[in-house]
Amino acid sequence: MRLDKLVAEQTGSTRAAVKGLIQSGRVTVNGLVVKDGAKKVSEEEDEVALDGEVFRFQRFAYFMLNKPAGVVSATRDKADATVVALLDASDRKKRKLFPVGRLDKDTEGLLLITDDGMLSHQLLSPRKHADKLYFVRLTRDITKEEVALFASGMKVDEELTAMPAELRKLTEEERAVFFQGEDFAAAVTLCEGKFHQVKRMFAATGNEVLYLKRIAMGGVTLDPKLLPGQYRELSKEELDCLRMSVEHNSEDS
Ligand code: URA
């Protein structure tokens, strides 16, 4: 790629501004000032910097959002605010970002947002078993029978027979970090994500979900510092964890 094109992409500056940056000697390639905007550089192999600050080339972007209630998991919607619109314009710039799967409008918690279609597809594939952990508030406490039904791969309704799922009470630590209060709260781990699945599973056992929050997906846990509506980039470790969660299970597919 031409150096001036690369600098324009990285800085969002106009062609004239980029020309000025390059000709004034503020841009270096592998530590050496380059004043020729037509010079060919490689994103993979060359270290390009502006005022000594090296550009980080990122093929894809990965964010974790603490989705608030009242916002839809879509890229655009006629009636409601979308999760993608919660991201700053500078993070959305030149990227076709989308949410990895959907949370209901009233569901809160971890929603990954990316432009990496392949990883998203893998995370959503039931054959890859990328676990999703939800915390729920219910109208009554969970029973042993309910736990066994969830574990058995229950028939939920005419359209859905669920894969085996784990249902348990919250630990003290989980309550302390995410879910204060003494009410009927439980944790559900699913390896699939059918429409309204958690709500439908509890409805099938005569219980009812009053509040639903996703806490983890593919081994990545919602950052408890993020308030509803806030987001941040995934760390390298979190991204590795997501990739491993789908690679690890690839033989099963
Ligand atoms: N299950 C549901 O019922 N709703 C969600 O938003 C996610 C899982």
Side-chain angles (χ1 to χ4, degrees), residues 65 67-84 98-113 117-170 174 178-179 183-220 222 242 245-246 248-253:
L65 167 73
K67 177 191 172 296
V71 174
V72 292
S73 302
T75 50
R76 49 177 83 175
D77 191 272
K78 287 204 184 99
D80 293 299
T82 69
V83 289
V84 172
F98 54 84
V100 179
R102 284 168 187 271
L103 291 176
D104 297 338
K105 189 172 164 186
D106 61 351
T107 300
E108 297 190 351
L110 177 67
L111 190 63
L112 300 171
I113 298 187
M118 174 68 90
L119 184 62
S120 169
H121 175 76
Q122 291 180 325
L123 285 166
L124 296 175
S125 164
R127 292 187 302 168
K128 294 283 185 181
H129 306 291
D131 285 348
K132 293 140 199 104
L133 170 66
Y134 297 90
F135 288 176
V136 286
R137 280 212 170 89
L138 301 160
T139 46
R140 63 160 170 75
D141 215 347
I142 56 171
T143 62
K144 277 194 194 131
E145 292 73 31
E146 234 166 0
V147 172
L149 260 175
F150 272 54
S152 69
M154 65 191 272
K155 181 167 164 40
V156 178
D157 49 39
E158 285 315 310
E159 282 108 54
L160 175 61
T161 298
M163 291 168 85
E166 187 196 50
L167 172 60
R168 59 173 175 80
K169 294 196 172 177
L170 297 193
E174 287 170 340
F178 289 107
F179 239 53
D183 51 1
F184 305 127
V188 185
T189 305
L190 301 183
C191 59
E192 54 187 343
K194 299 283 165 28
F195 186 60
H196 293 333
Q197 182 157 351
V198 175
K199 292 172 186 163
R200 283 161 74 190
M201 288 176 80
F202 281 107
T205 64
N207 212 336
E208 194 190 334
V209 172
L210 298 173
Y211 172 79
L212 181 60
K213 178 171 187 168
R214 184 154 66 195
I215 301 296
M217 179 169 183
V220 170
L222 178 67
L242 278 185
S245 81
V246 289
H248 174 68
N249 291 310
S250 56
E251 305 89 51
D252 303 352
S253 53

Go through the structure and list residues passing side chain to side chain donor-acceptor pair (under 3.5 Å) with Asp131, not counting sequence neighbours.
-> none

Return the set of residues passing salt bridge (charged side-chain N to carboxylate O under 4.0 Å, His left out) with Glu146 (not counting sequence neighbours), or none when no residue passes.
-> Arg140

CG (Leu210) and CZ (Phe184) are apart, to the nearest 0.5 Å, by 10.0 Å

Could you pull out the closest heavy-atom pair between Pro99 and Ala74, with the gap in Å?
-> CG-N, 4.0 Å

Please report the closest heavy-atom contact between Gly101 and Leu124, naming both atoms and the distance.
-> N-CD1, 3.6 Å

Min side-chain heavy-atom separation Tyr134-Leu103 under 4.5 Å | yes

Sorted by chain and number, sequence neighbours left out, ring-ring contact (aromatic ring centres under 6.0 Å, His included) with Phe179 holds for Phe135, Tyr211

Could you name each residue pair satisfying salt bridge (charged side-chain N to carboxylate O under 4.0 Å, His left out) that touches residues 158-168, not counting sequence neighbours?
-> Lys155-Glu158, Glu166-Arg168, Arg168-Glu174

Who pairs with Asp141 by salt bridge (charged side-chain N to carboxylate O under 4.0 Å, His left out), at least two apart in sequence or on another chain?
-> Lys169

Any salt bridge between Asp104 and Lys67, counting N to O under 4.0 Å?
-> no

Report the residues that fulfil side chain to side chain donor-acceptor pair (under 3.5 Å) with Ser152, sequence neighbours left out, ordered by chain and then residue number.
-> none

From Leu133 CG over to Ile215 CD1, what is the distance, rounded to the nearest 0.5 angstrom?
-> 6.5 Å

Begin from the C-alpha positions of Lys128 and Leu123 and carry the test side-chain contact (heavy atoms from CB on, under 4.5 Å) through to its verdict.
-> CA-CA 7 Å; Lys128 294 283 185 181; Leu123 285 166; over 6 Å; no

Identify the residue among Thr75, Leu65, Val72, Asp77 that makes a side-chain contact (heavy atoms from CB on, under 4.5 Å) with Val84.
-> Thr75

So which heavy atom on Gly218 is nearest to which on Ala130, and how close?
-> CA-CB, 4.3 Å

Would you check, one step at a time, whether the test side-chain contact (heavy atoms from CB on, under 4.5 Å) holds for Val100 with Leu111?
-> CA-CA 7 Å; Val100 179; Leu111 190 63; 5.8 Å; no

With sequence neighbours excluded, what pairs up with Pro68 under the side chain to side chain contact (heavy atoms under 4.5 Å, CB included) test?
-> Val71, Leu86, Pro228

Counterpart residues, salt bridge (charged side-chain N to carboxylate O under 4.0 Å, His left out), relative to Asp157 (two or more places apart) | Arg200

With distance as the sole test, does Ser245 use its side chain to make a donor-acceptor pair with the main-chain N or O of Leu242 at under 3.5 Å?
-> yes

Kindly indicate, with the supporting measurements, whether the criterion side-chain contact (heavy atoms from CB on, under 4.5 Å) is fulfilled by Lys199 and Asp106.
-> CA-CA 12 Å; Lys199 292 172 186 163; Asp106 61 351; 2.8 Å; yes

Considering residues at least two apart in sequence or located in another chain, which fulfil the side chain to side chain contact (heavy atoms under 4.5 Å, CB included) criterion with Val147?
-> Ile142, Leu167

Keeping the roles fixed (side chain from Gln197, backbone from Lys194), state whether a donor-acceptor pair exists under 3.5 Å.
-> yes

Least distance between heavy atoms, Ala186 atom then Leu138 atom | CB-CD1, 4.1 Å

More than 12 heavy atoms from other groups under 6.0 Å of CZ on Arg137 = yes

Could you pull out all residues at least two apart from Phe202 that satisfy ring-ring contact (aromatic ring centres under 6.0 Å, His included)?
-> Phe150

Output all residues satisfying side chain to side chain contact (heavy atoms under 4.5 Å, CB included) with Ala204, sequence neighbours left out; order by chain, then residue number.
-> Met154, Val156

Thr189 and Lys132, any side-chain heavy atoms less than 4.5 Å apart | no

Closest heavy-atom pair, Glu192 versus Met163, reported as atoms and distance to 0.1 Å, is OE2-N, 2.6 Å

Sequence neighbours left out, what passes salt bridge (charged side-chain N to carboxylate O under 4.0 Å, His left out) with Lys213? Give chain and number order.
-> none

